[in-house]
Amino acid sequence: MGEVMVVTSGKGGVGKTTTVANLGFGLARLNKRVVLIDTDSGLRNLDVVLGMEEQVAYHLTDVLSYTCRLRQALIQDRRQPELYLIPAAPYRKDVLEYVERLRELTEELRKQFDYVILDCPAGIGKGFEAATQVADRAILVTVPEVSAIRDADRVISLLGERYKENLQLLINRVHIDLVRRGFMLSPEDVQEVLDIPLLGVVPEDEAVHVALTKGEPLLCTHTHSGVCYGKICKRLLGETIPISISYANAGWFYRIAQILAR
Ligand SMILES: Nc1ncnc2c1ncn2[C@@H]1O[C@H](COP(=O)(O)OP(=O)(O)OP(=O)(O)O)[C@@H](O)[C@H]1O
Ligand SMILES: [Mg+2]
């Protein structure tokens, strides 16, 4: 039986969709059968990040409302045949309306796939509630900024009880130079504040924009961020790979601890 994972954040625009696309691609490259589900109806973009937008015929809401069969909505990746996508609806539709159907669907998919990965909408609204109700494991993406960390802290308080040790942190867009100069929190600081296990760190990397423009996963490129996502995939499979990015404490820890305590 496969595992159902949800990638969430609280704050929007921190890299959930980029992460889902690259974890999916990376795990498929490691010979796992993977299906990605975009639950962000109305603001779908996982199909675009994967360069699959022209293959979209049906979407998640069609499957949940029995408008189409599951196999009609599954899009196979042309580069990695073990990778599939169920895109989000182009119009706004609360997935929460179909939460029991979503659970049925993920249960059905876990029989056929090693990993079912849900791309969660931003915020802590109904889409978040639905996507986080059906997964076994949650990956919380944040960036090293005070507002994103405060939102991540809120998400931890909402999910901590349900996921316990199955809630892990991914810190994205770490700007090495800013950390060194003391203008950005270090990954160690962020992890210490949020106090959940660290799955990985991804640097700020212009290659992400180039990959997005081409609809090409970072793992197809020899880039710093691509290498980091490759290591994160191996950690998900249980390999012990040290997180190599390490910086001196930037002295932000006490400020952020005070903000979260308010
Ligand atoms: N490591 C990175 N370096 C540089 N840019 C990045 C990085 N990660 C993500 N981005 C950029 O940040 C933007 C937001 O990324 P993405 O769409 O993955 O975030 P999201 O959390 O899914 O957003 P939303 O909450 O709107 O769904 C995109 O333009 C993406 O290219
Ligand atoms: Mg997104």
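Hydrogens, waters and symmetry mates play no part in the numbers below; they use all other heavy atoms, side chains included. Atoms within a ligand are numbered from 1 in the order they appear, just like the ligands themselves.
- Distance from atom 25 (O) of ligand 1 to its nearest protein heavy atom, with residue and atom name: Lys16 NZ, 2.7 Å.
- Atoms of ligand 1 lying under 4.0 Å from at least one heavy atom of Ala122, given by number and element, are 25 (O).
- Shown here for Ile196 and Gln168, the closest heavy-atom pair between the two residues is CD1-C, 3.9 Å.
- Inter-residue side-chain proximity for Leu83 and Leu50 is flagged as met; some heavy-atom pair is nearer than 4.5 Å.
- The N/O atoms of Val202, backbone and side chain alike, include none that comes under 3.5 Å of an N/O atom in ligand 1.
- Among all non-hydrogen protein atoms, the one lying nearest atom 13 (C) of ligand 1 is Arg173 NH1, 4.2 Å.
- Aromatic rings of Tyr84 and Phe113 (six-membered ring for Trp) have centroids within the 6.0 Å cut-off, being under it.
- Note that the CG atom of Leu167 and the NZ atom of Lys164 stand 11.5 Å from one another [nearest 0.5 Å].
- At least one N/O/S atom of Thr17, from backbone or side chain, sits under 2.8 Å from the Mg ion (ligand 2).
- Taking the charged nitrogens against the carboxylate oxygens, Arg103 and Glu100 do have a contact shorter than 4.0 Å, which makes a salt bridge.
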**Message:** Could you walk me through whether Glu104 and Arg101 satisfy the salt bridge (Lys or Arg N to Asp or Glu O under 4.0 Å) test, starting with their C-alpha distance in whole Å, then the side-chain angles of each, then the deciding distance to 0.1 Å, before giving a yes or no?
**Reply:** CA-CA 5 Å; Glu104 269 172 42; Arg101 271 289 294 142; 3.0 Å; yes
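- Here the shortest heavy-atom distance to atom 8 (N) of ligand 1, taken over Asn172, Thr18, Thr19, belongs to Asn172.
- The shortest N or O to N or O distance between Asn45 and ligand 1 is not under 3.5 Å.
- Here the closest heavy-atom approach between residue Cys233 and residue Gly26 is recorded as SG-CA, 3.7 Å.
- Between Lys11 and ligand 1, no N or O atom pair is found at a separation short of 3.5 Å.
- Under a 4.0 Å criterion applied to the non-hydrogen atoms of Asp40, ligand 1 contributes the atoms 27 (O).
- When non-hydrogen atoms are compared, ligand 1 lies under 4.0 Å from the side chain of His209 (C-beta onward) but not from its backbone.
- Using a 4.0 Å cut-off to heavy atoms of Gly15, the atoms of ligand 1 that qualify are 15 (O), 16 (P), 18 (O), 19 (O), 20 (P), 21 (O).
- Less than 4.0 angstrom separates some heavy atom of Gly12 from each of these atoms of ligand 1: 25 (O).
- Under the 4.0 Å distance rule, the nearest protein heavy atom to atom 28 (C) of ligand 1 falls outside the cut-off.
- Hydrophobic clustering (side-chain heavy atoms under 4.5 Å, transitive across Ile, Leu, Val, Met, Phe, Trp, Tyr) groups Ile149 together with Phe183.
- Between the choices Leu212, Leu218, Asp205, Thr213, the shortest heavy-atom distance to atom 4 (C) of ligand 1 belongs to Asp205.
- Using a 4.0 Å cutoff on heavy atoms, Ala21 does not count as a contact of ligand 1.
- The shell of residues lying under 4.0 angstrom from ligand 1, judged by heavy atoms, excludes Ser9.
- The shortest non-hydrogen separation linking Leu199 to Arg235 is O-NH1, 2.7 Å.
- Here the heavy atom of the protein found nearest to atom 26 (O) of ligand 1 is Gly13 N, 3.8 Å.
- In terms of N/O distances under 3.5 Å, ligand 1 is not approached by Val208.
- Hydrophobic clustering (side-chain heavy atoms under 4.5 Å, transitive across Ile, Leu, Val, Met, Phe, Trp, Tyr) groups Val4 together with Ile86.
- For the pair Arg137 and Tyr115, the cation-pi criterion (under 6.0 Å, within 45° of the ring axis) is not fulfilled.
- A salt bridge links Arg110 with Asp136; the closest basic N to acidic carboxylate O contact falls under 4.0 Å.
- An N or O contact shorter than 3.5 Å links Thr17 to ligand 1 by distance.
- Ligand 1 places these atoms under 4.0 Å from at least one heavy atom of Pro203: 1 (N), 2 (C), 3 (N).
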